[in-house]
Amino acid sequence: MFTAILLSALAMSVIVGVRYLLASGAFALATRYRRPGLYAGLDRQVRWEIAWSLASALIYGVPAGIAAWGWQAHGWTRVYADVHAFPLWYLPLSVLLYLAAHDAWFYWTHRWMHRPRLFRIAHAVHHASRPPTAWAAMSFHPWEAATGAVVIPALVFLIPIHVGALGVVLTIMTVMGVSNHMGWEMFPRWMVQGRAGRWLITASHHQRHHEQYACNYGLYFRIWDRLCGTDRGLGHF
């Protein structure tokens, strides 16, 4: 059993690491074409971002591997493969439930990481990226990586979700995490500054967090920032 769990964890670590390299690499390449020279002089920083991120991938793989083993070997999770096991309308609802739960967890743990002692010990690693690049999305101290690694694996034991919908959640998580750090806004101005932008987080919103630190803590939605008075609007590129 231990060997099976270990192999599952290693496999998931590799998957997370490869997903990070492909996603961050793609957005870094897009940055080179859309914003030439934006990352000029940041080679050393990028190398550190990649190193911390690959270390984080190892940590993310452990709970993910345990959850995957529990699902495949014992059916312990609420992940289902039969699309008809729940009504079709539940597919988008489950995605929204996962994103909402992940966003709430991220907001409060992120605020917690900004307490002076925890910031110095752990979160300072992430904010050492000045300015953040497309490679910085998973650039975390191991303690911070551990707080993020448990969310989705915990949710699969609590909230039913189709395996395909889970893939959508992971894709959104990856794209949002990388695009919010790449230093420029890929979404059109009419969306970012319109109704959708009042509730959805994009690079413009997260950039303000990296500029001012004590604000804009959310991951997907601006709801918690608005409710708690920590929303400081959009940053500038």
task = Would you indicate whether Trp224, at its atom CH2, is surrounded by more than 12 heavy atoms from other residues, nucleotides or ligands within a distance under 6.0 Å?
result = no
task = Search all heavy atoms of Ser139 against all heavy atoms of Val125 and return the closest pair with its distance.
result = O-CG1, 4.1 Å
inquiry  = Would you call the rings of His206 and His181 parallel, tilted or perpendicular, taking 30° and 60° as the class edges?
reply    = perpendicular
ask   = Under a 4.5 Å cut-off applied to non-hydrogen side-chain atoms, are Arg226 and Trp199 in contact?
value = yes
message = Please determine whether residues Trp69 and Ile152 belong to a single hydrophobic cluster, defined as Ile, Leu, Val, Met, Phe, Trp and Tyr linked transitively by side-chain heavy-atom distances below 4.5 Å.
response = yes
message = Quick one, Trp52 and Pro142 - any side-chain contact, counting heavy atoms below 4.5 Å?
response = yes
note = What one should report as the nearest heavy-atom pair of Ala124 and Arg120 is CB-O, 4.2 Å
message = Could you check whether any side-chain heavy atom of Thr147 comes within less than 4.5 Å of a side-chain heavy atom of Glu144, counting everything from C-beta outward?
response = yes
message = Checking the side chain of Arg222 only, and the main-chain atoms of Gly197 only, is there a donor and an acceptor separated by less than 3.5 Å?
response = yes
query = Within 45° of the six-membered ring axis of Trp135 and under 6.0 Å from that ring's centre, is NZ or CZ of Arg47 located there?
reply = no
message = Would you say CH2 of Trp184 has more than 12 non-hydrogen atoms from neighbouring residues, nucleotides or ligands within 6.0 angstrom?
response = yes
note = Nearest heavy-atom approach of Leu234 to Val192 is CD1-CG1, 3.7 Å
ask   = Between the side chains of His205 and Asp231, does any donor sit under 3.5 Å from an acceptor?
value = yes
query = Do Val175 and Met186 come within less than 4.5 Å of each other through their side chains, counting heavy atoms only?
reply = yes
request  = Evaluate side-chain contact (heavy atoms from CB on, under 4.5 Å) for Tyr220 paired with Ile201, printing each intermediate quantity in order.
outcome  = CA-CA 5 Å; Tyr220 305 119; Ile201 291 174; 5.9 Å; no
ask   = Between Trp76 and His74, how do the two ring planes meet: parallel, tilted or perpendicular, split at 30° and 60°?
value = parallel
query = When you check the side-chain N and O atoms of His114 and His209, is any donor under 3.5 Å from an acceptor?
reply = yes
ask   = In terms of side-chain heavy atoms, does Thr230 have a donor or acceptor partner in Tyr107 at a distance below 3.5 Å?
value = yes
query = Does CZ in Arg32 sit with more than 12 non-hydrogen atoms of other residues, nucleotides or ligands closer than 6.0 Å?
reply = no
inquiry  = Is a donor from one side chain sitting under 3.5 angstrom from an acceptor on the other, for Thr133 and Gln45?
reply    = no
query = Shortest non-hydrogen contact from Ile59 to Ala149?
reply = O-CB, 4.0 Å
query = Hey, does Arg78 have a side-chain heavy atom less than 4.5 Å from the side chain of Ile159?
reply = no
Verify same cluster id: Ile66, Ile161 (apolar side-chain graph, 4.5 Å) = yes
task = Fit a plane to each ring of Tyr80 and Phe86, take the angle between them on a 0 to 90° scale, and name the class: parallel (under 30°), tilted (30 to 60°) or perpendicular (over 60°).
result = tilted
query = Hey, mind stepping through Val178 and Tyr20 against side-chain contact (heavy atoms from CB on, under 4.5 Å) and telling me if it holds?
reply = CA-CA 9 Å; Val178 176; Tyr20 158 75; 5.6 Å; no
ask   = Does the side chain of Met182 reach to within under 4.5 Å of the side chain of Tyr39, using non-hydrogen atoms?
value = yes
inquiry  = Which residue is it: Arg115, His141, His110? I am looking for the one with a side-chain hydrogen bond (donor to acceptor under 3.5 Å, both in side chains) to His123.
reply    = His110
request  = Side-chain contact test, heavy atoms from C-beta onward, threshold under 4.5 Å: evaluate it for Cys228 versus Arg111 and give yes or no.
outcome  = yes
key: Met113 side chain reached by His127 side chain, heavy atoms, under 4.5 Å   = no
